[in-house]
Amino acid sequence: MDERYEPAAVERSAQQYWNEARSFAATEDPSKGKFYCLSMFPYPSGRLHMGHVRNYTIGDVLTRFARMQGRNVLQPMGWDAFGLPAENAAMANGVAPAKWTRDNIAYMKKQLQALGFALDWEREVATCDPSYYRWNQWLFLRMREKGIAYKKTGVVNWDPIDQTVLANEQVIDGRGWRTGALVEKREIPMYYLNITAYADELLGDLSSLGGWPERVKLMQANWIGRSEGAEISFPLADDARSALRAAGQAGDALKVFTTRADTLFGVTFMAIAAEHPLALAAGARNPELQAFIDECRRGSTMEADVATMEKKGRRTGLHVLHPFTGKPVEVWVANYVLMGYGEGAVMGVPAHDERDFEFASKNGIDIVTVVRPHDGSWQKAEAPWQVSYGDYGVIVDSGEFSGLESMAAVSAIAAALDKKGLGRKRVQFRLRDWGISRQRYWGCPIPLIHCEHCGEVPVPDEQLPVVLPEDLVPDGSGNPLGKTPSFWKVDCPTCGKPARRETDTMDTFVDSSWYFLRYASADNAKAMVDERVKYWLPVDQYIGGIEHAILHLLYSRFWTKVMRDLGLVTVGEPFANLLTQGMVLNHIYSHQPAEGRRTYFNPLDVDEEEQNGVKRWYATRADGSRLEVNYDGLGTMSKSKNNGVDPQSLVEKYGADTARLFMMFAAPPEQTLEWSDEGVQGAFRFIRRLWTAVYQHVSAGPAAPVDKSALNAAQKDLRRAAHQGLTKVTDDIGRRRTFNTAVAAVMELLNAVSRFDDRSPQGRAVAQEALEIAVIGLSPIVPHVCHELWKALGHREAIVDVAWPTVDRDALSQDALTLVVQVNGKLRGQITVAVDADEASIRAAALADETVKRFIGDATPKKIVVVLRKLVNVVV
RNA sequence: GCCCCGGUGGCGAAAUCCGGUAGACGCAGCAGACUUAAAAUCUGCUGGCCGUAAGGCCGUGCCGGUUCAAAUCCGGCCCGGGGCACCA
């Protein structure tokens, strides 16, 4: 071996070996336990970023570890290749999204290969390939046949200047990002997937996901948001009835859903969404109200905006009747009620709901108390709002229901409503159906044809896939597909007359909802999936960013259940174990000129200076000039903040192993990781120390085997350190998934080997064993250098194929233990006792310790707590 | 605003299921060795305060509680991050 560690050469030769040996090509082998290790596939944005490196290194460590444990491992990779950034790049550079995307894939694939991941590239998929997305289309048609896919109107952001639909991220402060025009809401027909039909199962099955982080399950449960309550109909008063009729609509009642039917007698107003039919009917005869409705419709639909905006409302002048008292209740239009939620209408009970309280106070609406607290702490709900107004209690002033407990009242009121035909108990989910239509080009075409004579006609299976033309370049004004007659001008498959092809494409979450199934059948051109999914699924370990905790994971779970119900797969849950890795953060530096835009500076170009305890930061610009900048704290690495670190330059400077080691060592995988250049150098230094230690050891020639019966105390100590280290590394990687502590354990072992200076045959034998354990233990994390070091240690077999070693229990055995002694819970001394010492002798030894005696003084111990193998606490 | 997570030395962190020696391991810093010199490398020290030392006191975001014993459990608060349905 070379004396110096040269990462480039080491990595080239290790990668060449894996390629030639096809080390990571997976084949189905029922005789071996399988391990399907999957990392979330990347969006091909152009270059890998550090989040990818972290994600894929975690997956790779687990993959290589499982391989060495004898599992049949599949670790595939692919590309989430449809999406908005390709269209944005097209607009900026005039390149077709297809070319941009494929060039990016080619480049990023090289980057992934340079990092030495144990990937089976023979199963690679890209969602923009017709051979992939044809199955989106095929399954969509199956869902449509089953009624799971259906059409209804949905609200979108409309840019009136570009005449185009905008994504939420393209709307900045209510204006289009390119045109600056005020964005309008528009209702258009869209296709939806009936995920709410699976809501109960998606919620219930969470409890079977033992290998998922609790917090992710909790987030999903909250998202699904099952609530038990009642649906209540408020009959329309004559004014409302006639207004609706005038608007050409029919209706007898205003329906709401509430979890607090017990507060029904406290209703003093009704609030409806601006898009509610009753609101539109009222607006038609009231210009002022219509203006307010228009204003609401311009507002954001994003939950965060709706929740934080000022709650505004206007009276409609129309009324509904209370289902029990028959008293008229006025209907208001409110900007915080959304048409897409529940019934698009809520009953207003200001005394017992904070939002209603705020609304009523502002608009001079009555507040009627109908619940009293058990502790009698208040009688009447009055300003300011108190949290306990919303609690359950005893019902008052509610007719026949007065005196009931809230819980009992909910049931009794629902039952009474049921009898009157004005309501019933109902379960409501917060979860809404999944709208998959996108008025965009770079996505999977929806396989439908609109015919004047036959209506909506599915593209026949044998004509799939509907291929997306790849030569279009979006310009920001509308969907290019709509301007391409060669795409949309088709003959109706049913009647043969001229018809129009659907030009909307699918949400890219569709693409990523089943790619993990396709890897198992990637080469099958005849079917979406085949029997090989039975062998590989479920995924044994899924790894991805915490930012996907809800949407992607929920959609994938839903899609898998649909495919199961269609008989295509046998599993109901796709991911048995989930690891959500934290984000990669870096410092943010910016400069805000008196006029103009804030500019961000890359941390690499910023120096810190400290004068008189005051820190200042200076950026060096491309022309060499310096500028004082602000430090804005830590944030996720992003282009917009210019605080990304390019993995490529890191690999070129230090090698892939250093990049991998730093990522694994700097923080446990689930936590955020702060970038540190010094930390990277430290990782590199450690690899070099390991290299030097092995070099010095093997330079003295081959070592003899260990003779366990012929070891002196120091040799036994090193063996114990080695096997303790192995125990820890095995547990940390295999069970705890804390790679940072696994690395620390190997570092400790290497420190012990370095201190150990014994050139005797048994000394060298023990050193050899310790170095082998260090190299094996580190090999899943830094596979290239370990490949080389393993050879240098005298082995023929490549380390990638070596079995993970077992711990030698004999090496761990010890004769004596050190216990700590506390007096009143404070550490006062240490005692050494035999491993098998009984409690009485430990007690005696503790009381005999000089320092302990000093602290006990004349007092008699009241209590002595002995925790075996750990400590003694003397209480005086 | 709502849901979820986190907060421990100058810094990243460790203390594992189920409360038991707080700060493993690394970075940065300081001192020393090697060198003509520098870099690299190696060795030692490194939570704060008091003390020549032995040793003592304080210390895990803040306030309070449970316990022989709390970073860990409970209640309340402050701060930071993630998600909120068309970014992926």
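Here is how names work: the chains are called A, B, and so on, in the same order as the sequence lines, proteins then strands, and each is numbered from 1.
Among the nucleotides B/G82, B/C4, B/A15, the one closest to any side-chain atom of A/Thr741 is B/A15. Minimum atom distance to the side chain of A/Val875 is reached by B/C68, of the listed B/C3, B/A88, B/C68. The nucleotide whose nearest atom lies closest to any side-chain atom of A/Arg736 is, among B/C68, B/G83, B/A15, B/A15. Listed candidates were B/C25, B/C5, B/G82. Nearest to the side chain of A/Arg215 is B/C5. Closest approach to the A/Met747 side chain among B/C68, B/G1, B/C25 is made by B/C25 (side chain taken as heavy atoms from C-beta onward). Out of B/A40, B/C2, B/G26, the shortest distance to the side chain of A/Asn751 is found at B/G26. For A/Arg828, counting side-chain heavy atoms from C-beta on, the closest listed nucleotide (B/C57, B/C84, B/A88) is B/C57. Comparing B/G20, B/C84, B/A88 by their nearest atom to the side chain of A/Asp80 picks out B/A88. Among the nucleotides B/A88, B/G1, B/A14, the one closest to any side-chain atom of A/Asn740 is B/A14. Listed candidates were B/G55, B/A85, B/G20. Nearest to the side chain of A/Tyr555 is B/A85.
Base contact: A/Phe665 has a heavy atom under 4.0 Å from a base atom. Among the protein residues, A/Val156 comes within range of the nucleic acid bases, having at least one heavy atom under 4.0 Å from a base atom. Residue A/Phe855 is classed as a sugar-phosphate contact, given heavy-atom separations below 4.0 Å to backbone atoms only. Using a 4.0 Å heavy-atom cutoff across all strands shown, A/Met190 reaches at least one base atom of the nucleic acid. A/Ser437 comes within 4.0 angstrom of a nucleotide base, judged by non-hydrogen atoms across all strands. Contacts of A/Ala549 with the nucleic acid, taken as non-hydrogen atoms under 4.0 Å apart, are absent. Nucleic acid contact class of A/Gln681 (heavy atoms, under 4.0 Å, all strands): none. If you check every strand for non-hydrogen atoms under 4.0 Å, A/Met40 touches nothing. Using a 4.0 Å heavy-atom distance criterion, A/Leu871 is classed as a base contact. Here A/Leu673 lies out of heavy-atom contact (under 4.0 Å) with every strand. Using a 4.0 Å heavy-atom distance criterion, A/Gln170 is classed as making no nucleic acid contact. Residue contacts shown for A/Pro668 are limited to sugar-phosphate atoms, with no base heavy atom under 4.0 Å away. Residue contacts shown for A/Trp223 include a base, since a base heavy atom lies under 4.0 Å away.
Side-chain nitrogen and oxygen atoms of A/Gln671 include at least one within less than 4.0 Å of the OP1 or OP2 phosphate oxygen of B/A13. Taking only side-chain nitrogens and oxygens, A/Asn824 never comes nearer than 4.0 Å to OP1 or OP2 of B/A69. In this structure, A/Arg685 reaches the B/C27 phosphate: one of its side-chain N or O atoms is under 4.0 Å from OP1 or OP2. Under 4.0 angstrom from either OP1 or OP2 of B/G12 there lies no side-chain N or O belonging to A/Ser676. For B/C42, neither phosphate oxygen OP1 nor OP2 lies less than 4.0 angstrom from any side-chain nitrogen or oxygen of A/Arg688.
For B/G55, the paired nucleotide is B/C50, the pair qualifying as Watson-Crick or G-U wobble because both relevant distances are below 3.5 Å. Across all strands shown, B/U60 remains unpaired; no Watson-Crick or G-U wobble contact has both distances below 3.5 Å. Pairing partner, B/U43: B/A31, with both Watson-Crick or wobble hydrogen-bond distances short of 3.5 Å. A 3.5 Å limit on both hydrogen-bonding distances identifies B/C79 as the Watson-Crick or G-U partner of B/G6. Across all strands shown, B/G19 forms no Watson-Crick or G-U wobble pair with both key distances under 3.5 Å. Shown here, B/G1 forms a base pair with B/C84; the pair counts as Watson-Crick or G-U wobble because both key distances fall under 3.5 Å.
When the P atom of B/A28 is taken as reference, atom CD of A/Glu678 falls 6 Å away, rounded to whole Å. For the pair A/Leu690 CG and B/C25 C1', the computed distance is 15 Å after rounding to whole Å. To the nearest angstrom, P of B/C87 lies 8 Å from CZ of A/Phe509. When the C1' atom of B/U16 is taken as reference, atom NZ of A/Lys728 falls 7 Å away, rounded to whole Å. We find that CD of A/Glu748 is positioned 5 Å from P of B/C25, with the value rounded to whole Å. Here the P atom of nucleotide B/G20 and the CG atom of A/Leu827 are 15 Å apart, to the nearest Å. Rounded to a whole Å, the CD1 atom of A/Ile550 is 12 Å from the C1' atom of B/C5. The CD1-C1' distance, from A/Ile224 to B/A85, rounds to 13 Å in whole Å.
In terms of heavy atoms, A/Ala745 sits closest to A/Val729 at CB-CG2, 4.1 Å. Across all their heavy atoms, A/Asp849 and A/Gln830 have their closest contact at OD1-O, 3.5 Å.
Evaluated for a side-chain contact (heavy atoms from CB on, under 4.5 Å) with A/Val183, the options A/Asp173, A/Leu166, A/Val156 yield exactly one hit, A/Leu166. Checking A/Thr505, A/Thr164, A/Thr503, A/Asp504 one by one against A/Gln439, the side chain to side chain donor-acceptor pair (under 3.5 Å) holds for a single residue, A/Asp504.
A donor atom on one side chain and an acceptor atom on the other are not found under 3.5 Å apart for A/Arg226 and A/Gln428.
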(request) Let me see the working for A/Glu678 and A/Arg685 under salt bridge (Lys or Arg N to Asp or Glu O under 4.0 Å), right down to the final yes or no. (result) CA-CA 10 Å; A/Glu678 294 80 12; A/Arg685 259 201 305 267; over 6 Å; no
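Here the separation of B/C63 from B/A71, taken at their P atoms, is 14 Å to the nearest Å. Rounded to whole Å, the P atom of B/U67 lies 47 Å from the corresponding atom of B/A28. The separation of B/A38 from B/G32, taken at their P atoms, amounts to 12 Å, rounded to a whole angstrom. The same atom, C1', is picked in B/A22 and in B/C5; the two are 23 Å apart, to the nearest Å. Of the P atoms belonging to B/C74 and B/U66, the separation is 15 Å, rounded to the nearest Å.
You'll find a donor-acceptor pair under 3.5 Å spanning the side chain of A/Asn873 and the base of B/C68, going by distance alone. Between the side chain of A/Lys826 and the base of B/U21, no donor-acceptor pair of N or O atoms lies under 3.5 Å. A/Arg689 contributes no side-chain N or O that forms a donor-acceptor pair with the base of B/U41 under 3.5 Å.
Because its NZ or CZ atom is both nearer than 6.0 Å to the ring centre of A/Tyr192 and within 45° of the ring axis, A/Lys152 counts as a cation-pi partner of that residue. Annotation: cation-pi pair A/Arg688/A/Tyr5 absent, no NZ/CZ under 6.0 Å from the ring centroid and within 45° of its normal.
Mapping A/Val155 and A/Val216 onto RNA chain B via the closest heavy atom, the residue that lands nearer the 5' end is A/Val216.
When atom types are taken as modelled, the side chain of A/Trp691 and the backbone of A/Glu3 share a donor-acceptor pair closer than 3.5 angstrom.
Using bins of under 30°, 30° to 60° and over 60° for the plane-to-plane angle, the ring pair A/Trp100/A/Tyr43 lands in the tilted bin.
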